[in-house]
Student: 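Dumping the structure here so I can ask a few things about it.
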Amino acid sequence: MAATTPSPQRSPCSLTAAAAIGLTLFASVMLFFSGVLAIYRGIMAITRDGVFVATRDYVFRFHLTGWGWVHAFLGVVAVAVSFGLLAAAAWARVLGVAMTALLIAVHFLSLRYYREWSLTLIGLYGLIIWALCVTDRETFRSVLRPM
């Protein structure tokens, strides 16, 4: 007779926790890289490099230098939040949800110009908000703790 070993079964609760932890890690990595890119984008706008084209018929009007400082500041905050998320800090979760909600509003405003891209990012940001709200700190710390 051949012995069969039962396959390990996960409860739906553990699958939800695993998905939320994975999305939280994804959110922290994405926040880090988008923060670094926002810092670079801000520096380019501040130095008035010829990278950005100013259009007259855009919905919002910003001075290029002011726009650059906003991006540089938000980039620094995004990098700090990403490190806070990896450390399972509560302030990072709150700030991460707030920044992601702000990004949803920004992409909602640009739906007219970039419909598919904006809808894709709104859905992704919704998943990230869900992950940051569902995962508890102790579960997340137990995953990051070295073995």
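Computation of the quantities below employed the complete heavy-atom set of this structure, encompassing side-chain atoms and omitting hydrogens, waters and symmetry-equivalent molecules. Position 1 is the first residue of the sequence, and the numbers go up from there. Source: prediction; values computed, not measured.
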Student: So S28 and T24, side chain to side chain contact (heavy atoms under 4.5 Å, CB included) or not? Walk me through it.
Tutor: CA-CA 6 Å; S28 65; T24 303; 5.9 Å; no
Student: Among the clusters formed by ILVMFWY side chains lying less than 4.5 Å apart, do V106 and L95 turn up in the same one?
Tutor: no
Student: Name each donor-acceptor pair under 3.5 Å that joins a side chain in residues 77-91 to protein atoms two or more places apart or in another chain, with its distance.
Tutor:
residue : atom : partner : partner atom : Å
S82     : OG   : V79     : O            : 2.6

Student: Hey, any chance L74 and F108 share a hydrophobic cluster, counting ILVMFWY side chains that come within less than 4.5 Å of each other, even indirectly?
Tutor: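 Yes; tracing contacts between hydrophobic side chains, which count when under 4.5 Å, links both residues.
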Student: When rounded to the nearest 0.5 angstrom, what is the spacing between CG in L124 and NE2 in H107?
Tutor: 9.5 Å
Student: Pairs under 3.5 angstrom only: tabulate donor-acceptor contacts from the side chains of residues 29-36 to other protein residues two or more places apart or in another chain.
Tutor:
residue : atom : partner : partner atom : Å
S34     : OG   : M30     : O            : 2.9
S34     : OG   : L31     : O            : 3.2

Student: L119: which residues meet the side-chain contact (heavy atoms from CB on, under 4.5 Å) condition with it, sequence neighbours left out?
Tutor: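 Partners of L119 by the side-chain contact (heavy atoms from CB on, under 4.5 Å) criterion, ordered by chain and then number, come out as L111, R115.
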Student: Quick check: is L37 connected to V70 through a chain of hydrophobic side chains (ILVMFWY, heavy atoms under 4.5 Å apart)?
Tutor: no
Student: What's the spacing between M44 CE and I46 CD1 if we round to 0.5 Å?
Tutor: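 These two atoms lie 11.0 Å from each other.
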Student: Residues two or more places apart in sequence or in another chain: which of them pass side-chain contact (heavy atoms from CB on, under 4.5 Å) with L23?
Tutor: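 L23: side-chain contact (heavy atoms from CB on, under 4.5 Å) contacts with F26, L127, W130, A131.
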Student: Under 3.5 Å, side-chain donor or acceptor atoms of residues 96-103 against the rest of the protein: list the pairs with distances, not counting sequence neighbours.
Tutor:
residue : atom : partner : partner atom : Å
T100    : OG1  : G96     : O            : 2.6

Student: Are V76 and Y40 linked, directly or through other ILVMFWY residues, by side chains that come within less than 4.5 angstrom of each other?
Tutor: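 Same cluster.
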